[in-house]
Amino acid sequence: MQPTISDFFHTTQRDLLVGGLVAIGLFLAVHRGLRRYPGRWISPDLIAMVAGLAAIGVAFFPNESETISTFTQRALGLELSPAFHYVSAVLLYLMMSLTCFLIYAPDATGWERKFYLVMGAIVWTTGWNVMILSGIKNNGSGWLAEVIQAHNVVYWDESLGVWAFSASWLLKAVLEQKRAEALGHLRKVRLGAFFGLRLYPGGRGPRPGSGRIARLRTEVVSVLRRLGNAGSGLPDKAEAPVQGPVVPAPLSRHRRVDDRRMSPAAKGRTAPKRRAS
């Protein structure tokens with residue numbers, strides 16, 4: 001056991017810590033989830049991208065150390081590198097709490113909304129506690145610093161925030177999947193021990209052309225068409241008067257040939273085959 005999660009960087013578990021943080025950071029940085037809509041003043045994808053970059057920063061900028069072991073420590077020095085480490089950590093916790101407050105909670109109601117708000121408050125509190133407790137542990141010499149060091153208080157504080165955000169992320173994913181399946185948008189397809197999600201063609205979900213944008217585009221096109229007809233002096237199709245029988249226009253030579261081939265007398269005949277050039 002180490003005093004903090006970041007202290008595992010200086011043990012034999014360094015590869016697991018750095019590899020895990022980079023993997024999570026890359027996933028968050030390229031993750032594309034909930035879209036931004038009117039009333040949501042910040043993009044969920046932007047929050048995820050900043051959180052991913054912050055996780056990578058936590059991995060690339062180690063905390064306090066007595067020896068130089070990374071290129072960032074060599075470039076910034078042993079005193080400046082921990083500053084970037086803690087800034088990245090606070091930014092990561094901040095983005096996780098904003099995800100609960102601004103992304104998950106506004107879309108939920110009842111107990112689900114309360115759960116997201118509580119988890120966001122836990123992440124927010126633990127993020128700032130990391131800074132305060134780490135400062136006391138590193139710079140203090142009294143009994144409080146000894147208690148924090150002896151009982152690994154910073155480690156448990158960091159772990160509480162990480163697990164709180166993990167619980168909110170998993171709950172959101174499970175409930176969103178159930179809602180999509182209930183609406184008929186998705187269905188499960190089992191492939192051995194794994195399963196995937198794909199569009200459900202026979203469900204009751206929305207179809208292409210049935211959304212607000214499609215309806216608005218159709219209305220705009222119809223308005224522009226009516227305006228064009230009004231400017232040219234031609235009546236609309238719906239208001240055009242009937243002016244007796246319509247006289248067919250003279251057919252071109254190619255059209256007459258096609259019609260003759262499709263006539264009952266020409267159905268039994270086949271077109272001559274082309275000679276290969």
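What you see below is based on every heavy atom in this structure, not just the backbone, and it leaves out hydrogens, waters and symmetry mates.
Cluster membership check: I132 does not share its hydrophobic cluster with V162, using side-chain heavy-atom separations under 4.5 Å among Ile, Leu, Val, Met, Phe, Trp and Tyr. Residues W111 and L117 fall within the same hydrophobic cluster, defined by Ile, Leu, Val, Met, Phe, Trp and Tyr side chains chained together at heavy-atom separations under 4.5 Å. Two different hydrophobic clusters hold M96 and V87 under the rule that ILVMFWY side chains link at heavy-atom gaps under 4.5 Å. A single hydrophobic cluster is not seen to contain both V30 and I24; linkage of ILVMFWY side chains at heavy-atom distances under 4.5 Å, directly or through other members, places them apart. Placement of M119 and V90 within a single hydrophobic cluster is found when ILVMFWY residues are connected by side-chain heavy-atom separations under 4.5 Å, directly or transitively.
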Run T70 and R74 through side chain to side chain contact (heavy atoms under 4.5 Å, CB included) and show every step you take. CA-CA 6 Å; T70 65; R74 187 176 297 106; over 6 Å; no

Quick one, L98 with I103, criterion side chain to side chain contact (heavy atoms under 4.5 Å, CB included). Give me CA distance, side-chain angles, the key distance, then yes/no. CA-CA 7 Å; L98 290 182; I103 307 303; over 6 Å; no

Show your working on side chain to side chain contact (heavy atoms under 4.5 Å, CB included) between K137 and V153 and close with a plain yes or no. CA-CA 10 Å; K137 177 180 70 70; V153 178; over 6 Å; no

Test side chain to side chain contact (heavy atoms under 4.5 Å, CB included) applied to F165 and S168, step by step: CA-CA 5 Å; F165 178 72; S168 62; 3.9 Å; yes

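Distance check, rounded to the nearest 0.5 Å: CG of L144 to CD1 of I136 gives 4.5 Å. Between the CG atom of N63 and the NE2 atom of H85 there is a distance of 4.5 Å, given to the nearest 0.5 Å. The CG atom of L53 sits 10.5 Å away from the CG atom of L92 when rounded to the nearest 0.5 Å. Atom CG of L133 and atom CD of Q149 lie 12.0 Å apart (nearest 0.5 Å).
Using a 4.5 Å heavy-atom cutoff, the side chains of V154 and P3 are not in contact. The shortest distance between side-chain heavy atoms of P82 and P62 does not fall below 4.5 Å. Between K172 and D107 there is a side-chain heavy-atom pair separated by less than 4.5 Å.
Sequence neighbours left out, not one pair with a member in residues 88-101 passes side-chain hydrogen bond (donor to acceptor under 3.5 Å, both in side chains). Residue pairs meeting the salt bridge (charged side-chain N to carboxylate O under 4.0 Å, His left out) criterion with at least one member in residues 142-166, sequence neighbours excluded, do not occur. Note on residues 7-28: no pairs pass salt bridge (charged side-chain N to carboxylate O under 4.0 Å, His left out), not counting sequence neighbours.
Between G120 and C100 the shortest heavy-atom distance is CA-CB, 3.6 Å. The minimum heavy-atom distance linking M95 with A51 is given by the pair CB-CB, 3.7 Å.
Here the side chain of S222 pairs a donor or acceptor atom with the backbone of E219 at under 3.5 angstrom. Remark: the backbone N or O of I122 is not paired with any side-chain donor or acceptor of T125 at under 3.5 angstrom.
Grouping Ile, Leu, Val, Met, Phe, Trp and Tyr by side-chain contacts under 4.5 Å, direct or through others, leaves V130 on its own. Cluster note: L26 groups with M1, I5, F8, F9, L17, V18, L21, V22, I56, V58, F60, F61, L76, L80, F84, Y155, W156 through ILVMFWY side-chain heavy atoms spaced under 4.5 Å, whether in direct contact or through intervening members.
Evaluation of the side chain to side chain donor-acceptor pair (under 3.5 Å) rule for E112 yields Y116, R179 as partners, not counting sequence neighbours.
Side-chain contact, S6 with T4: no donor N or O sits under 3.5 Å from an acceptor N or O.
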